[in-house]
Amino acid sequence: MIKITFPDGNSREFESGIKGIEIAKILSNSLASEVLSIGINGENKDLTQSLTQDSSIVFYKWDDVEGKHAFWHSSAHLMAEALESFYPGMKFGIGPAIENGFYYDVELPEGQTISDADFRKIEDKMLEIARGKFDYARTDVSKNEALKFFTDKKDNYKVELITDLEDGTISLYKQNTFTDLCRGPHLPNTSYIKSAKILSIAGAYWRGDEKRKQLTRVYGITFPKQKQLEEYLVLLEEAKKRDHRKIGKELELFTFSARVGMGLPLWLPKGAMLRERLEQFLKKVQKKYGYEPVITPHIGQKELYVTSGHYAKYGKDSFQPIHTPQEGEEFLLKPMNCPHHCEIYKSKPRSYKDLPVRYAEFGTVYRYEQSGELHGLTRVRGFTQDDAHIFCRPDQLSEEFMKVIDIVLYIFKTLDFKDFTTQISLRDKENHEKYIGSDENWEKAESAIIEAANAKGLKTIVEYGEAAFYGPKLDFMVKDALGRKWQLGTIQVDYNLPERFELEYVGNDDKKYRPVMIHRAPFGSMERFVAVLIEHTAGKFPLWLTPEQAVVLPISDKFNDYAKKVSNILNNYDIRTVLDERNEKIGKKIRDNELKRIPYMVIVGEKEAETETISVRRQGEGDKGSFTCEDFAKIINEEIEKQLN
RNA sequence: GCCGGUGUAGCUCAGUUGGCCAGAGCAGCUGAUUUGUAAUCAGCUGGUCGGCGGUUCGAAUCCGUCCACCGGCUCCA
């Protein structure tokens, strides 16, 4: 007998050799029907795994990532079998579960392609196999046996994967006709999978290396119930409605023109109004925190960026230098504001008493992004950073860094961004080529960030090799409507540029010292931030931000004069008010303005004109009753105050 | 940049296997209506079918090429 301990701390004895699924069945039938995989002493295992010693056990169901993971990983194998049946000789790369579904990287036989038209038959085949209730049978083999198996199958990618594995036993999983190299865990059999959808195909370089062969990546998703697939597809449709590119067009916030150039956003009046409010909001916060605005030009001499190191790092893959016709000088469109700000720091001698110096600028920068990478407002070639550089003494670094975290958190709180993650990006110590500066300075910078993040109680994930070339950073990431992660706020510690620009200050001992720099942008870029804001709010911006706060709707054009008067009064109360004088029925005007997501509709007709009142309707909510203009203005201003507290 | 897909009016989309002047709804304009909380009616305007080249008696439709956009990969100071 062995003792099995459950998550609630209770334990029970079972016969040695019992399988996870059998334990579940003894506990309850409903558990047995829902459980997908198990955790044994913290390791994820198959439900069919036999237990032979005292262990702790956790049952993973659909709602657990581990359960979903096993489900989708098994589904990837199922899809692989379906694909192989249509494309004999297909070679397989990797096929993992991902956040929403799974994919498999495959190499199609010479001359063959997969396209949308083939999705249906692949799905059908998957379900056909699934209904066969084939076991996902695990066998442990030696490395040599595994190599022989995949060499015989001419699956050279699998052979490469196995070759790179450590010696020892290797697990294979087989369902029906398909055998795959896999660590597991998997479902007991294919019958768990009741619905399947092939979502898209894409090219993906083998092992993420663009110098190697590009395989075909097939994305799919499956569910234990048909209904869940339908719900997921509805969810996808809903998400598409929140897409900032769609809403941005509908609400006339921004546009693009092929004639101007791809990835170069054009801000329309309403979008510009929105962005300006955000900028004013941040300027106010920054003023409180002791930042000083500076302004620098859009280009700088190439030498400036040679000094900073940006040219060596990005020069050849970037927009090419602008040459002057007479002197033959070379200028770069600025890809970063920091070198300009460094020169401002250098414009006069600095004392230790002057520090920290904080220079802020909404600086527009231009970067050559690969054409396939451009994406709405989130990835563009010209954008404005809410940039600032803090030059401080080493002893001030930690406090300054934490103050920046405060600013970012304040902004996120004000704009109701609750679901963000924080990532500490450190250097890859193996890869010296990628970075500039001494190990000593990197150590200092990295520990400064880690300490500050800990002191502020941020739950961070650490990524190695993601640092900027001149220093480590702390990034704030937010997801868009389709679950794609975007970096918004960023805070970076930099010992290197001060050295390259030979920045100095005079200490109290009359000796010269080097300051430390913090690069920071709480929004990140105005373009990307607005994009994510649109997706979060579905275009229903907070009252203080929205381009138009109220629209006056006269019942008929007999009341246009009164409507005009009301609109003027409200504008005088600083409420951004527009007038809808069209000759339409009130229902039509309400509908149109509801769709424009203007927060308040002010309806005026005979009643209101006689009593000098207005009838107020809240977008998405309906009639709120009648008010005087003064009272209405008070309500709006209170609402705004609450939002900005 | 690479793989796959898409491109018809300002927007959303029809347009069978190539075949008469390319269609609809919404938006816009004109007129009628004078309206009470999510679509009043009628008429009109609007398109080099993404660009260029080719095949054909004939191309929105087939082929080539370029451009832009969409989903990924790579990249992201």
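Protein chains get the first letters and strands the later ones, always in sequence-line order, with residue 1 at the start of each.
- Considering CG of L543(A) and CD of E639(A), their distance stands at 4.5 Å, rounded to 0.5 Å.
- The base of G1(B) does not come close enough to the side chain of Y368(A) for any donor and acceptor atom to sit less than 3.5 Å apart.
- For Y205(A), there are no ring pair (Phe, Tyr, Trp, His ring centres under 6.0 Å) partners, not counting sequence neighbours.
- Summary of the strand contacts: F559(A) and D209(A) both lie near RNA chain B, and taking for each the nucleotide with the nearest heavy atom, the more 5' one is attributed to F559(A).
- Note on K473(A): a side-chain N or O is less than 4.0 Å away from OP1 or OP2 of A77(B).
- In this structure, Y314(A) forms an aromatic stack with the base of A77(B), since both conditions hold: centre separation below 5.5 Å and plane angle below 30°.
- Heavy-atom contacts from other residues, nucleotides or ligands closer than 6.0 Å to CD1 of I295(A) number 12 or fewer.
- Every residue two or more places apart in sequence or in another chain that forms a side chain to side chain contact (heavy atoms under 4.5 Å, CB included) with K558(A) is listed here: S556(A).
- Atom-to-atom distance recorded for I614(A):CD1 and E608(A):CD is 9.0 Å, nearest 0.5 angstrom.
- Separating the P atom of A22(B) from that of U30(B) is a span of 28 Å, rounded to the nearest Å.
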Give the table of side-chain donor-acceptor pairs shorter than 3.5 Å for residues 118-126 of chain A, with sequence neighbours excluded, one pair per line with atom names and distance.
| unit_1 | atom_1 | unit_2 | atom_2 | d |
| --- | --- | --- | --- | --- |
| D118(A) | OD2 | S115(A) | N | 2.9 |
| E123(A) | OE2 | I198(A) | N | 2.9 |

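- Pairs of Watson-Crick or G-U wobble type, with distances under 3.5 Å, assemble into runs of 3 or more in RNA chain B at these ranges: B:1-7 with B:67-73, B:10-13 with B:23-26, B:28-32 with B:40-44, B:50-54 with B:62-66.
- Under the side-chain hydrogen bond (donor to acceptor under 3.5 Å, both in side chains) criterion, D494(A) pairs with H519(A), sequence neighbours left out.
- Separating the C1' atom of G23(B) from that of U37(B) is a span of 36 Å, rounded to the nearest Å.
- For A38(B) and C20(B), the P atoms lie 46 Å apart once the distance is rounded to whole Å.
- Residue-to-nucleotide contacts include no donor-acceptor pair under 3.5 Å from the side chain of Q370(A) to the base of C75(B).
- Checked against C75(B), A39(B), A77(B), the side chain of F469(A) finds its nearest nucleotide in A77(B).
- Contacts of S615(A) with the nucleic acid, taken as non-hydrogen atoms under 4.0 Å apart, include base atoms.
- Results of the side-chain hydrogen bond (donor to acceptor under 3.5 Å, both in side chains) test with D243(A) over K240(A), K241(A), R245(A) single out R245(A) as the only residue that passes.
- Interface remark: the R212(A) side chain does not form any donor-acceptor pair with the C2(B) base, using a distance-only criterion of under 3.5 Å.
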For nucleotides 43-51 of chain B, give me every protein contact, N/O to N/O, under 3.5 Å, one pair per line with atom names.
none

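- Across all strands, E606(A) comes closer than 4.0 Å to base atoms (heavy-atom distances).
- Contact annotation for R217(A): backbone-only contact, meaning every heavy-atom pair under 4.0 Å involves sugar-phosphate atoms and none involves a base.
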Report each atom pair, protein N/O against N/O of nucleotides 24-32 of chain B, whose distance is under 3.5 angstrom.
| unit_1 | atom_1 | unit_2 | atom_2 | d |
| --- | --- | --- | --- | --- |
| A27(B) | OP1 | K588(A) | NZ | 2.6 |

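- Nearest to the side-chain atoms of Y470(A) among the listed nucleotides U35(B), A77(B), G4(B) stands A77(B).
- Counting only heavy atoms from C-beta on, Q214(A) has its side chain closest to G72(B) among C76(B), U37(B), G72(B).
- If you check G5(B), A77(B), U37(B) against the side chain of S115(A), the one that comes closest is G5(B).
- Every residue two or more places apart in sequence or in another chain was checked for a ring pair (Phe, Tyr, Trp, His ring centres under 6.0 Å) with F383(A), and none qualifies.
- The gap from the C1' atom of G28(B) to that of G36(B) amounts to 27 Å, rounded to the nearest Å.
- Counting atom types as modelled, R379(A) pairs a side-chain N or O with a base atom of C76(B) as donor and acceptor under 3.5 Å.
- Sparse packing is recorded around CD of E502(A), with 12 or fewer heavy atoms of other residues, nucleotides or ligands lying under 6.0 Å away.
- In the displayed structure, K429(A) atom NZ is contacted under 6.0 Å by at most 12 heavy atoms of other residues, nucleotides or ligands.
- How far NZ of K473(A) is from OG1 of T490(A): 5.0 Å, rounded to the nearest 0.5 Å.
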Can you check nucleotides 68-71 of chain B for protein contacts, nitrogen or oxygen pairs under 3.5 Å, and list what you find?
| unit_1 | atom_1 | unit_2 | atom_2 | d |
| --- | --- | --- | --- | --- |
| C70(B) | OP1 | R245(A) | NH1 | 3.0 |
| C70(B) | O3' | R245(A) | NH1 | 3.4 |
| G71(B) | OP1 | R245(A) | NH1 | 3.3 |
| G71(B) | OP1 | R245(A) | NH2 | 2.7 |
| G71(B) | OP1 | R484(A) | NH1 | 3.1 |
| G71(B) | OP2 | R245(A) | NH1 | 3.1 |
| G71(B) | OP2 | H375(A) | ND1 | 3.3 |
| G71(B) | N2 | I201(A) | O | 3.1 |

Quiz prompt | Steps toward salt bridge (charged side-chain N to carboxylate O under 4.0 Å, His left out) verdict (E160(A), R212(A)) | solution = CA-CA 13 Å; E160(A) 185 180 329; R212(A) 303 197 62 178; 2.9 Å; yes
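- Two residues are said to be in side-chain contact when any heavy atoms from C-beta on lie closer than 4.5 Å; Q619(A) and I598(A) fail this criterion.
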Practice problem: Would you give a per-nucleotide map of nucleotides 10-17 of chain B, 5' to 3', where B means the base has a protein non-hydrogen atom under 4.0 Å away, S means only the sugar-phosphate does, and - means neither? | Solution: --------
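- Taking side-chain N and O atoms only, K585(A) has no distance below 4.0 Å to OP1 or OP2 of U34(B).
- The side-chain hydrogen bond (donor to acceptor under 3.5 Å, both in side chains) test applied to S75(A) returns T222(A), not counting sequence neighbours.
- At a threshold of 4.0 angstrom between heavy atoms, the contacts of E107(A) with the nucleic acid are absent.
- Straight-line distance between the C1' atoms of G4(B) and U8(B): roughly 23 Å, to the nearest whole Å.
- When heavy atoms are screened at a 4.0 angstrom cut-off, G208(A) is found touching the sugar-phosphate backbone but no base atom.
- Residue S556(A) places no side-chain atom within donor-acceptor reach of the base of U35(B), judged by atom type and a 3.5 Å distance cut-off alone.
- As rounded to the nearest Å, G15(B) and C21(B) have C1' atoms that lie 16 Å from one another.
- Checking Q385(A) against K607(A), the closest nucleotide of RNA chain B that is more toward the 5' end is the one next to K607(A).
- If you take atom P in C70(B) and the same atom in U12(B), they sit 13 Å apart, rounded to whole Å.
- Figure legend: cation-pi geometry between R427(A) and Y464(A) absent, as NZ or CZ is not positioned both under 6.0 Å from the six-membered ring centre and within 45° of its axis.
- In this structure, the CZ atom of R381(A) is 8 Å from the P atom of G1(B), given to the nearest Å.
- Environment of CD in E606(A): sparse, with no more than 12 heavy atoms of neighbouring residues, nucleotides or ligands closer than 6.0 Å.
- No close placement of the F501(A) and Y345(A) rings is indicated, their centers lying 6.0 Å or farther apart.
- The side-chain hydrogen bond (donor to acceptor under 3.5 Å, both in side chains) test applied to E594(A) returns R617(A), not counting sequence neighbours.
- In this structure, of U34(B), G5(B), A77(B), it is U34(B) that holds the atom nearest to the side chain of D557(A).
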